[in-house]
Amino acid sequence: MTYPTQPTASHFIGGQYVEDTSGPPIDVIYPATGEVIARVHSATPAIVAQAVAAARGAQAAWQAMTGTERGRILRRAADILRARNHDLSVLETYDTGKPYQETSVADATSGADALEYFGGMAATLTGEHIQLGEDWVYTRREALGVCVGIGAWNYPTQIACWKGAPALACGNTMVFKPSETTPLCALKVAEILHEAGAPAGVYNVIQGLGDVGAALVSHDDVDKVSLTGSVPTGRKVYAAAAAGVKHVTMELGGKSPLIIFDDADVENAVSGAILGNFYSSGQVCSNGTRVYVHKDIKHAFLTCLSERLGKAVIGDPMDPETSFGPMVSAAQMEIVQGYIAKGKAEGARLVCGGDRIDRAGYYLQPTVFADVTDDMTIAREEIFGPVMAVLDFEDEADVLARANDTEFGLAAGVFTRDLSRAHRMAAGFEAGTCYINTYNDSPVEAPFGGSKQSGVGRENSKAAIEHYSQLKSVYVRMGNLEAPF
Ligand code: NAD
């Protein structure tokens with residue numbers, strides 16, 4: 001291995017790398033080979049305290065800068081991310097195992113989009129003037145203070161930026177804890193923000209498992225928590241944040257429906273199902289893993305799908321030709337294998353895949369089950385791997401009710417040529433993001449987040465500003481003030 005994967009130190013606090021080897025070690029494993037490629041150390045209580053103190057110490061001065069000045073720094077960071085896209089994409093591939101073909105277009109670039117977008121918006125953030133006769137009120141849009149970001153392992157660079165960019169644009173500072181499975185990329189984001197001019201302490205990164213995340217969430221000097229993770233973790237973090245009445249954003253899991261009507265363009269629908277089930281080896285929160293296919297096109301859909309899956313290039317993720325890589329970890333692969341076994345045991349029909357691939361690393365075949373019914377485990381629980389469940393349907397109202405019969409509400413998709421039906425379905429879906437004749441787009445300009453148990457709040461777009469700032473109302477009386485006595 002020639003690429004330097006060992007970071008300078010485990011943490012980035014107060015504008016510099018900080019090491020403290022007394023915290024438990026975390027080995028970083030390259031999922032394509034199983035090799036240990038780096039080692040970092042979990043934050044000790046002293047490191048947690050140091051990071052929050054650095055963020056608190058930097059916050060007032062950061063907020064006092066003009067939006068134009070803050071925005072310029074974020075946009076400069078976006079430019080650096082883009083200029084270093086190749087190296088950052090290679091690192092993202094080492095961290096996650098996702099193919100370079102994906103990381104080179106979807107990770108540092110998506111992080112850069114967020115920094116550019118919120119950097120551009122920073123100067124436009126204002127309160128408003130409310131006239132009350134001759135008196136008046138004005139509102140000040142103010143930062144929340146110190147924000148904690150906690151990330152999942154599927155998009156480490158993107159998550160670090162999606163949380164950091166709006167937080168910093170609004171004048172907050174951040175302590176970000178990446179997933180223990182993918183600790184490398186967020187350090188680069190911190191380094192680049194600092195290089196772009198972010199003052200020391202504005203964006204800090206510390207490592208650790210759930211206990212470090214929990215210590216951050218319950219820290220008295222933290223004002224807001226933004227988590228990307230599973231629903232069970234979300235429940236714990238939400239409850240802990242509630243104890244301190246802290247602001248939260250929760251980006252949690254899903255089991256999203258993708259509905260393909262009999263008038264759909266089958267090739268496009270298959271493209272949507274592939275993007276919504278096998279991109280990043282299926283490790284995408286918004287995936288449309290319950291694929292409801294109208295019975296009249298089921299045969300055509302499955303035939304086309306099987307043929308297209310045969311064209312997946314499975315192999316070395318660093319090879320730009322590779323379009324399907326390993327799972328992030330042995331543990332995640334075993335969880336997914338457990339679901340495949342359950343699918344078989346509960347009577348779903350295996351159409352393709354189902355096995356581990358005979359090579360080093362954590363590779364599973366792209367797997368499709370047909371004849372899945374709504375009560376089967378693989379149709380109810382989030383698998384977070386390359387497993388598609390195909391279910392049959394005939395009636396629009398019936399399939400909509402089945403699609404919504406879940407605790408999750410992250411995303412939903414529909415493929416049809418019928419315009420009215422497409423919008424009727426979008427209105428009926430209980431989900432934060434809906435797709436018509438496409439799947440899994442997530443541009444920074446559009447709000448992203450979940451309904452029901454899939455989340456609270458929205459990331460990206462103008463909507464994110466509401467979750468990283470608060471309004472203060474200032475009442476101004478122009479004349480004399482009367483009192484009852
Ligand atoms: P996870 O819930 O296991 O962990 C997420 C993060 O929370 C990790 O950094 C972990 O260390 C931390 N954590 C765990 N326990 C904690 C606690 N008690 N207090 C504070 N922090 C704690 O999730 P994962 O396995 O890393 O990621 C996969 C999950 O993330 C899936 O459910 C997926 O759907 C979800 N996800 C959601 C989105 C979204 O935007 N909605 C995006 C990506 C992933």
Side-chain angles (χ1 to χ4, degrees), residues 24 26 40 42-43 48 95-96 98 106-107 110 114 148-163 175-183 185-186 205-219 222 225-244 246 248-256 276 279-289 327-329 331-336 381-385 407-411 431-433 440 442 444 446-460 464 467:
I26 300 173
V40 296
S42 190
V48 172
D95 225 0
T96 62
K98 293 187 293 181
D107 291 285
S110 154
V148 160
I150 300 177
W153 41 255
N154 55 346
Y155 282 82
T157 305
Q158 183 187 87
I159 294 170
C161 293
W162 280 20
K163 298 190 187 306
V175 179
F176 185 80
K177 188 200 84 64
S179 164
E180 58 274 25
T181 310
T182 53
C185 296
V205 171
I206 65 171
Q207 309 292 349
L209 281 67
D211 59 325
V212 172
L216 285 169
V217 174
S218 57
H219 195 294
V222 164
V225 178
S226 176
L227 169 78
T228 296
S230 61
V231 171
T233 302
R235 285 195 193 103
K236 284 187 220 160
V237 172
Y238 203 179
K246 293 173 184 173
V248 293
T249 299
M250 296 277 146
E251 291 289 352
L252 308 178
K255 186 76 193 174
S256 301
Y279 200 74
S280 302
S281 293
Q283 302 164 118
V284 180
C285 52
S286 48
N287 271 354
T289 47
M327 308 291 308
V328 75
S329 64
Q332 186 62 19
M333 182 182 69
E334 281 155 21
I335 289 170
V336 178
E381 296 182 12
E382 182 182 46
I383 299 176
F384 224 59
E407 65 183 10
F408 300 109
L410 193 53
T433 302
N440 260 354
S442 52
V444 68
F448 183 83
S451 307
K452 294 156 89 174
Q453 297 204 16
S454 289
V456 176
R458 292 291 178 267
E459 292 195 313
N460 289 341
H467 301 286

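None of the values given here were measured: they were computed from a predicted structure. Just so you know, ligand 1 is whichever comes first in the structure, and atom 1 is the first atom listed for that ligand.
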How close do Leu410 and Cys285 get, heavy atom to heavy atom, and via which atoms? CD2-O, 3.3 Å

re atom 41 (N) of ligand 1, the protein heavy-atom contact at minimum distance is Leu252 O, 2.8 Å

Between Lys255 and Phe408, the two heavy atoms sitting closest are CB-CD1, 3.5 Å

Would you compute the distance between atom OG of Ser226 and atom CZ of Phe176 and round it to the nearest 0.5 angstrom? 8.5 Å

So, the side chain of Ser280 versus the backbone of Gln283: is there a donor-acceptor pair under 3.5 Å, distance only? no

Which protein non-hydrogen atom lies closest to atom 28 (C) of ligand 1, naming both residue and atom, and how far is it? Phe384 CE2, 3.6 Å

What residue and heavy atom of the protein are closest to atom 17 (C) of ligand 1, and at what distance? Gly210 O, 3.6 Å

To atom 35 (C) of ligand 1, the nearest of Gly229, Gly253, Ala214 on a heavy-atom basis is Gly229

Measure the spacing between OG1 of Thr157 and CG of Asp95 and express it to the nearest 0.5 Å. 7.5 Å

At less than 4.0 angstrom from any non-hydrogen atom of Ile150, what atoms of ligand 1 do you find? 6 (C), 7 (O), 9 (O), 12 (C), 20 (C), 21 (N)

Looking at atom 44 (C) of ligand 1, what's its closest protein heavy atom, distance included? Asn154 ND2, 3.5 Å

Near Ser179 (heavy-atom distance under 4.0 Å), the atoms of ligand 1 are 9 (O)

Distance, nearest 0.5 Å, that separates CD1 of Ile26 from OG1 of Thr181: 9.0 Å

Pairing donors with acceptors under 3.5 angstrom, does anything connect the side chains of Lys163 and Thr249? no

Non-hydrogen side-chain atoms of Tyr155 and Trp162 separated by less than 4.5 Å: no

Under 3.5 Å donor-acceptor, Glu382 side chain and Gly254 backbone: yes

Taking only non-hydrogen atoms of Gly455, do any sit less than 4.0 angstrom from ligand 1? no

Heavy-atom distances under 4.0 Å are what count here, so tell me which part of Leu227 touches ligand 1: side chain, backbone, both or neither. side chain

Checking a contact table here: which protein heavy atom is nearest atom 4 (O) of ligand 1, and how many Å away? Thr233 OG1, 4.3 Å

What protein heavy atom is closest to atom 23 (O) of ligand 1, reported as residue, atom name and distance in Å? Ser230 N, 3.6 Å

Any donor-acceptor pair under 3.5 Å linking the side chain of Ser454 with the backbone of Gly253? yes

Which of the listed options, Lys236, Lys177, Gln283, Gln158, holds the heavy atom that is closest to atom 18 (N) of ligand 1? Lys236

Return a yes/no value for Glu459: is any of its N or O atoms, backbone included, closer than 3.5 angstrom to an N or O of ligand 1? no

Considering Phe176, Trp162, Trp153 one by one, which has a heavy atom nearer to atom 24 (P) of ligand 1 than any of the others? Trp153

Heavy-atom distance under 4.5 Å between the side chains of Val212 and Val48, does that happen here? yes

Are Lys98 and Ser281 close enough that some pair of their side-chain heavy atoms sits under 4.5 Å apart? no

Who's the nearest protein heavy-atom neighbour of atom 27 (O) of ligand 1, and how far? Ala152 CB, 3.3 Å

Looking only at protein heavy atoms, identify the closest one to atom 38 (C) of ligand 1 and say how far it is in Å. Cys285 SG, 3.0 Å

With a cut-off of 4.0 Å, which atoms of ligand 1 are near a heavy atom of Gly213? 19 (N), 20 (C), 21 (N)

Would you check the N or O atoms of Glu180, main chain and side chain alike, for any that come under 3.5 Å of an N or O of ligand 1? yes

Under a 4.0 angstrom heavy-atom cut-off, which atoms of ligand 1 come close to Gly151? 5 (C), 6 (C), 8 (C), 9 (O)

So, the side chain of Glu459 versus the backbone of Glu251: is there a donor-acceptor pair under 3.5 Å, distance only? no

Using a heavy-atom cut-off of under 4.0 Å, does the side chain or the backbone of Tyr155 touch ligand 1, or both, or neither? neither

For ligand 1, which atoms, with element, lie under 4.0 Å from some heavy atom of Phe448? 40 (O)

Would you say Glu382 has any N or O atom under 3.5 Å from an N or O of ligand 1, going by distance alone? yes

